[in-house]
Amino acid sequence: MNFLLSIAFVLCWSSGFIGAKLGAGSASAVTILMWRFLPLAVVLTVLATVSRTSWRGLAARDVARQAMIGVLSQSGYLLTVYYAIQLGVSSGTTALIDGVQPLVAGAIAGPLLRQYVSRKQWLGLCLGVSGVAIVTTADAAAGTGASWWSYLIPFLGMFSLVAATFLESRSRVRVAPQVSMTVHCATSAVVFTALAVGTGAAKPPAELSFWVAITWLVALPTFGGYGLYWLILRRSGVTKVNTLMFLMAPVTAVWGALMFGEPFGPQTALGLAVGLAAVVIVYRGDTSSTRVRARDADTGEAARPAEYGA
């Protein structure tokens with residue numbers, strides 16, 4: 001059962017990048033994101049009004065902190081991902097750049113959070129960056145039509161995720177998953193609606209493909225991805241979930257190649273292999289965090305995901 005849940009989780013989470021590609025052909029990034037989050041915000045707000053138990057004890061500053069985390073982890077991150085894909089960057093390349101986020105966060109955790117970073121982890125970071133460079137070069141050389149500067153956009157989203165991770169790590173208040181998800185989605189709905197209205201892109205297109213993409217994005221990466229994340233987290237612990245996160249890039253790259261004909265040659269495969277090797281090195285070299293995760297699993301505590309998926 002756990003194996004099947006893991007497969008479903010990887011597919012649902014990776015589907016966010018594919019859904020972004022589906023919608024890019026019929027509407028702008030802000031239009032897609034507005035109509036993805038507006039229904040979610042309404043549903044989650046209604047549920048929060050009915051069930052107020054999880055909100056008890058939260059101060060206004062706690063909610064404000066979650067709103068800022070939502071701006072960084074969802075609004076800033078997703079806007080860059082969708083915009084890059086809209087400009088022609090392949091979904092696999094975007095997913096791989098996103099996947100480097102934990103490596104970058106681990107590298108700068110030392111000076112910011114006074115956490116020890118081993119030599120193996122630094123080696124893993126260098127390999128991870130190398131893997132991104134290999135895949136990005138292959139993508140650009142394949143003649144996808146994307147400008148060179150468009151490959152820098154996913155990095156902005158990756159650093160936005162890093163900022164959200166550190167903002168969350170410095171929080172002393174544990175917030176229930178349903179509370180954080182409600183605040184994040186409501187914040188994103190406000191941000192994307194304001195952007196869409198301000199740019200004259202709020203009106204959805206009449207094409208059926210647009211609503212198929214919206215349904216895809218709401219059902220699979222949001223409810224499917226988030227729901228399975230917390231289910232696997234409770235059943236198997238944080239370490240298992242974080243390991244599965246690093247499968248998103250290769251799965252997305254293969255999926256994009258099969259569904260959209262995105263480039264996937266020997267160089268792309270090499271870059272993905274280097275990226276996965278980097279993850280293994282960082283994971284095995286992080287003995288201190290493994291002990292912390294094991295302790296958290298035993299006490300029933302769980303960290304919120306550092307990544308939020310597309």
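- We find the CG-CD1 distance between Leu161 and Ile69 to be 12.0 Å, quoted to the nearest 0.5 Å.
- Taking each heavy atom of Ser26 and Pro205 in turn, the nearest pair found is O-CG, 3.5 Å.
- Considering CG of Leu22 and OG1 of Thr215, their distance stands at 11.0 Å, rounded to 0.5 Å.
- The side-chain heavy atoms of Met34 and Val30, taken from C-beta on, include no pair separated by under 4.5 Å.
- Minimum heavy-atom separation, Ala27 to Ile32: O-CD1, 3.8 Å.
- Looking at every heavy atom in both residues, Phe264 comes nearest to Ala257 through CB-CB, 3.7 Å.
- Ser188 contributes no side-chain N or O that, together with a main-chain N or O of Cys185, makes up a donor-acceptor pair within less than 3.5 Å.
- Contact check for Thr94 versus Ile153: no side-chain heavy atoms found under the 4.5 Å cut-off.
- The same ILVMFWY cluster, assembled from side-chain heavy atoms under 4.5 Å apart, contains both Trp211 and Phe37.
- From Met181, atom CE reaches atom CG of Leu40 across 6.5 Å, with rounding to the nearest 0.5 Å.
- Between the side chain of Ser160 and the backbone N or O of Leu72 there is at least one donor-acceptor pair closer than 3.5 Å.
- Under a hydrophobic-cluster definition in which Ile, Leu, Val, Met, Phe, Trp and Tyr are linked whenever side-chain heavy atoms come within less than 4.5 Å, directly or via other members, Leu78 and Phe223 are assigned to the same cluster.
- Between Ser14 and Thr252, the shortest heavy-atom contact is CB-OG1, 3.4 Å.
- Residue Val183 is not grouped with residue Val190 when hydrophobic side chains (ILVMFWY) are merged at heavy-atom distances under 4.5 angstrom, including chains of intermediate members.
- The closest donor-acceptor contact from the side chain of Glu262 to the backbone of Ser91 lies under 3.5 Å.
- The two residues Pro39 and Trp35 come nearest to each other via the heavy atoms CD-O, 3.1 Å.
- Distance check: Lys21 NZ to Tyr82 OH gives 13.5 Å after rounding to the nearest 0.5 Å.
- A donor-acceptor pair is defined here as one N or O able to donate and one able to accept, closer than 3.5 Å; such a pair exists between the side chain of Trp216 and the backbone of Ser15.
- Annotation: side chain of Leu156 is not in contact with side chain of Tyr77 (no heavy-atom distance under 4.5 Å).
- Within the model, atoms OG1 of Thr187 and CZ of Phe192 stand 10.5 Å from one another, a figure rounded to the nearest 0.5 Å.
- For the atom pair OG (Ser73) and CD (Gln66), the distance works out to 8.5 Å, reported to the nearest 0.5 Å.
- Side-chain atoms of Arg36 never come within 3.5 Å of backbone atoms of Ala189 as a donor-acceptor pair (strictly under, hydrogens ignored).
- In this structure, Trp149 and Tyr83 have tilted ring planes: the angle between them lies in the 30° to 60° band.
- Leu44 and Val50 fall into different hydrophobic clusters, defined by Ile, Leu, Val, Met, Phe, Trp and Tyr side-chain heavy atoms under 4.5 Å apart, directly or through other members.
- Looking at heavy atoms from C-beta onward, Thr222 lies out of side-chain contact with Leu217 at the 4.5 angstrom threshold.
- When all heavy atoms of Thr182 and Ala48 are compared, the pair lying nearest together is CG2-CB, 4.3 Å.
- For Ser150 (side chain) and Val89 (main-chain N/O), no donor-acceptor pair under 3.5 Å exists by modelled atom type.
- A distance-only check finds a donor-acceptor pair linking the side chain of Gln267 to the backbone of Ile134 [under 3.5 Å].
- Under the 4.5 Å side-chain heavy-atom criterion for Ile, Leu, Val, Met, Phe, Trp and Tyr, Ile7 and Leu5 are members of the same hydrophobic cluster.
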